[in-house]
Structure formats: structure tokens, C-alpha cells
Amino acid sequence: MTQAQQRGLDEVFPRMGLTLAQGPIDPVEIFGRRAPLVVEIGFGMGGSLLEQALAHPQTDFIGIEVHPPGVGKLLDEADKAGVENLRIYREDAMQVLDEALPAGMVDTLQLFFPDPWPKKKHHKRRIVQPAFLARVHRVLRPEGRLHMATDWANYAEHMVAVMHETPGFENTAEQGDFVPRPAFRPLTKFETRGERLGHGVWDLIYRRV
């Protein structure tokens with residue numbers, strides 16, 4: 001934990017942080033306006049989420065992450081950049097979906113590069129499972145989007161297979177199962193390095209129906 005990351009947790013979280021103890025939230029009350037809401041699960045060190053919040057001031061963002069250095073770093077940098085359209089949960093994502101987000105509240109839910117759990121015996125630990133998708137379906141508004149991205153081909157195939165078996169979602173891809181990387185998903189340093197090495201990245205966007 002760096003000094004800046006600790007500052008984010010100690011000084012910025014009381015203002016920009018959200019907790020399960022607050023119960024179900026009202027975005028209008030939290031952000032002081034009615035605007036499209038994007039929720040991102042597992043934002044890591046937060047660079048991509050901060051870039052989105054800065055590029056889209058007309059949209060409100062809620063990030064969910066349990067890793068303290070990532071939470072602290074994002075809060076510190078968001079505060080120094082004067083960001084006002086971002087709030088952070090340092091909580092388990094499943095609990096946030098169950099206890100904090102009212103039904104039909106979210107316009108887009110983002111899940112970028114989740115842990116792929118590459119070993120077959122660990123596949124059951126992958127977050128993209130029917131129980132998770134049922135939670136996502138509940139919090140998305142009608143026609144809301146679930147946007148996932150992974151750099152593991154096997155996980156991309158797993159995502160498609162599970163989504164195919166999950167009612168209430170429609171793939172937005174015009175051809176095949178995947179979509180080109182949308183301009184609104186920032187290109188990460190990790191992804192740029194992977195592209196140079198010939199690694200693939202797969203984006204999937206599903207619509208709640």
C-alpha cells in the first residue's frame with residue numbers, strides 16, 4: 001500500500017465510498033442528478049474506470065472492488081482529477097448486487113478481464129455462472145447491457161455457453177458471438193502489450209430482454 005493509496009482509503013473513501021450498511025441506494029440521491037448509470041465489477045487498479053468517468057461526465061459510475069490498493073489508488077486519483085461522477089464499493093460484488101442495487105437501476109454492467117481460473121477443476125470459481133447472471137438481470141433496466149471482456153479464449157467460450165443457457169439476455173453481436181472492442185471501453189496497457197504478443201481479446205455485449 002503506497003502513501004497515495006492509503007490517502008485514498010483514509011481521506012477520500014468517506015466522501016466517494018459506498019457501504020453495504022447504507023442498504024439499497026438511490027443514484028439520484030448519491031449523485032444529485034438523474035443520469036445513465038454504469039456499474040463495473042472488479043476494476044483492478046482502476047485506470048480504465050477513471051478514464052471512462054473522465055471521458056463521460058454525463059454518465060454516473062459505480063465501481064466494485066475488494067483489493068485495497070486498487071480501491072485506494074482509484075480514489076486518490078479520482079479526487080486529484082476532480083471527478084464527481086464516480087462512487088466506489090469496497091465490498092463483495094455478489095452482496096452489492098443482492099443488497100445495495102435496486103431492481104432495474106443499472107443501464108450497463110461491466111465485467112472486464114475477470115479472473116479466468118484457467119484450470120478446469122477451478123472453472124466453477126469463475127464469476128460468470130447462472131446465479132451471477134440472474135443477479136445481473138435483476139439490476140439491469142429493460143434493454144440494459146451486460147458488457148464482458150476477456151483475453152482467455154476458453155473463458156470467452158465459457159461466457160458464450162453460459163449466456164446461451166441463461167434466459168432474459170440477447171446477444172448484440174451482428175455476426176458470431178463477439179463484438180469489436182467498443183470505443184467506450186478504454187484500451188488497457190495490459191491489453192496493448194497482449195496485442196503486440198499476438199494475444200486475442202474478446203468482447204461480449206448482451207441486452208436484457
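Just so you know, residue 1 is the first one in the sequence shown, and it goes up from there.
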About how many Å separate [atom2] of [Y] and [atom1] of [X], when rounded to the nearest 0.5 Å?
{"X": "E99", "Y": "M94", "atom1": "CD", "atom2": "CE", "value": "12.5 Å"}
{"X": "Q129", "Y": "K124", "atom1": "CD", "atom2": "NZ", "value": "10.0 Å"}
{"X": "Y155", "Y": "T150", "atom1": "OH", "atom2": "OG1", "value": "7.0 Å"}
{"X": "D60", "Y": "N85", "atom1": "CG", "atom2": "CG", "value": "6.0 Å"}
{"X": "L109", "Y": "L146", "atom1": "CG", "atom2": "CG", "value": "6.0 Å"}
{"X": "L133", "Y": "T166", "atom1": "CG", "atom2": "OG1", "value": "4.5 Å"}

A side-chain contact here means heavy atoms from C-beta on lying under 4.5 Å apart; do [X] and [Y] qualify?
{"X": "R7", "Y": "K80", "value": "yes"}
{"X": "D115", "Y": "R126", "value": "no"}
{"X": "P182", "Y": "I205", "value": "yes"}
{"X": "Q5", "Y": "Q3", "value": "no"}
{"X": "Q52", "Y": "Q110", "value": "yes"}
{"X": "V160", "Y": "F178", "value": "yes"}
{"X": "I62", "Y": "I25", "value": "yes"}
{"X": "R135", "Y": "P130", "value": "no"}

Is atom [atom1] of [X] surrounded by more than 12 heavy atoms (other residues, nucleotides or ligands) closer than 6.0 Å?
{"X": "W202", "atom1": "CH2", "answer": "yes"}
{"X": "R34", "atom1": "CZ", "answer": "no"}
{"X": "E174", "atom1": "CD", "answer": "no"}

Please go through V83's hydrophobic cluster and name the other residues, only I, L, V, M, F, W, Y counting, with side-chain heavy atoms under 4.5 Å joining them.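 Members alongside V83: M1, L9, V12, F13, M16, V38, F43, L49, L50, L54, F61, V71, L74, L75, L86, I88.
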Show which residues join V66 in its hydrophobic cluster (side-chain heavy-atom contacts under 4.5 Å, direct or indirect), or state none.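 Cluster partners of V66: none, it stands alone.
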Test item: [X] side-chain N/O and [Y] main-chain N/O as donor-acceptor pair under 3.5 Å:
{"X": "E170", "Y": "R207", "result": "no"}
{"X": "H164", "Y": "M159", "result": "no"}
{"X": "D151", "Y": "V201", "result": "no"}
{"X": "R87", "Y": "E84", "result": "yes"}
{"X": "Q95", "Y": "D92", "result": "no"}
{"X": "R208", "Y": "L140", "result": "yes"}

With ring pair (Phe, Tyr, Trp, His ring centres under 6.0 Å) as the rule and sequence neighbours excluded, what pairs involving residues 122-150 come up?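 Listed once each, the pairs are F112-H147, W117-H122, H137-F169, H147-F184.
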With the 4.5 Å side-chain cut-off for hydrophobic clustering, are F31 and V39 part of the same group?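 They do share one cluster, since a chain of ILVMFWY contacts under 4.5 Å joins F31 to V39.
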Any link between L111 and M45 through a network of hydrophobic side chains (Ile, Leu, Val, Met, Phe, Trp, Tyr) touching at under 4.5 Å?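 No, L111 does not connect to M45 through the hydrophobic network.
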Over all heavy atoms of both residues, which pair between [X] and [Y] is shortest? Give the atoms and the distance, please.
{"X": "A35", "Y": "D107", "value": "O-OD2, 4.4 Å"}
{"X": "A149", "Y": "P114", "value": "O-CD, 3.4 Å"}
{"X": "G104", "Y": "R141", "value": "O-CB, 3.6 Å"}
{"X": "P102", "Y": "A100", "value": "CD-O, 3.3 Å"}
{"X": "P36", "Y": "T59", "value": "O-CG2, 3.4 Å"}

Carboxylate-amine/guanidinium contact R138 D98, below 4.0 Å: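 No.
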D203 and R185 ion-paired at < 4.0 Å: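 Result for this pair is yes, salt bridge flagged.
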Yes or no on side-chain contact (heavy atoms from CB on, under 4.5 Å) for M163 and N171, after CA distance, side-chain angles and deciding distance? CA-CA 8 Å; M163 293 301 301; N171 196 331; over 6 Å; no
Applying the side chain to side chain contact (heavy atoms under 4.5 Å, CB included) criterion to V96, which one of V139, L18, L101 satisfies it?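 Among V139, L18, L101, the one that satisfies the side chain to side chain contact (heavy atoms under 4.5 Å, CB included) with V96 is L101.
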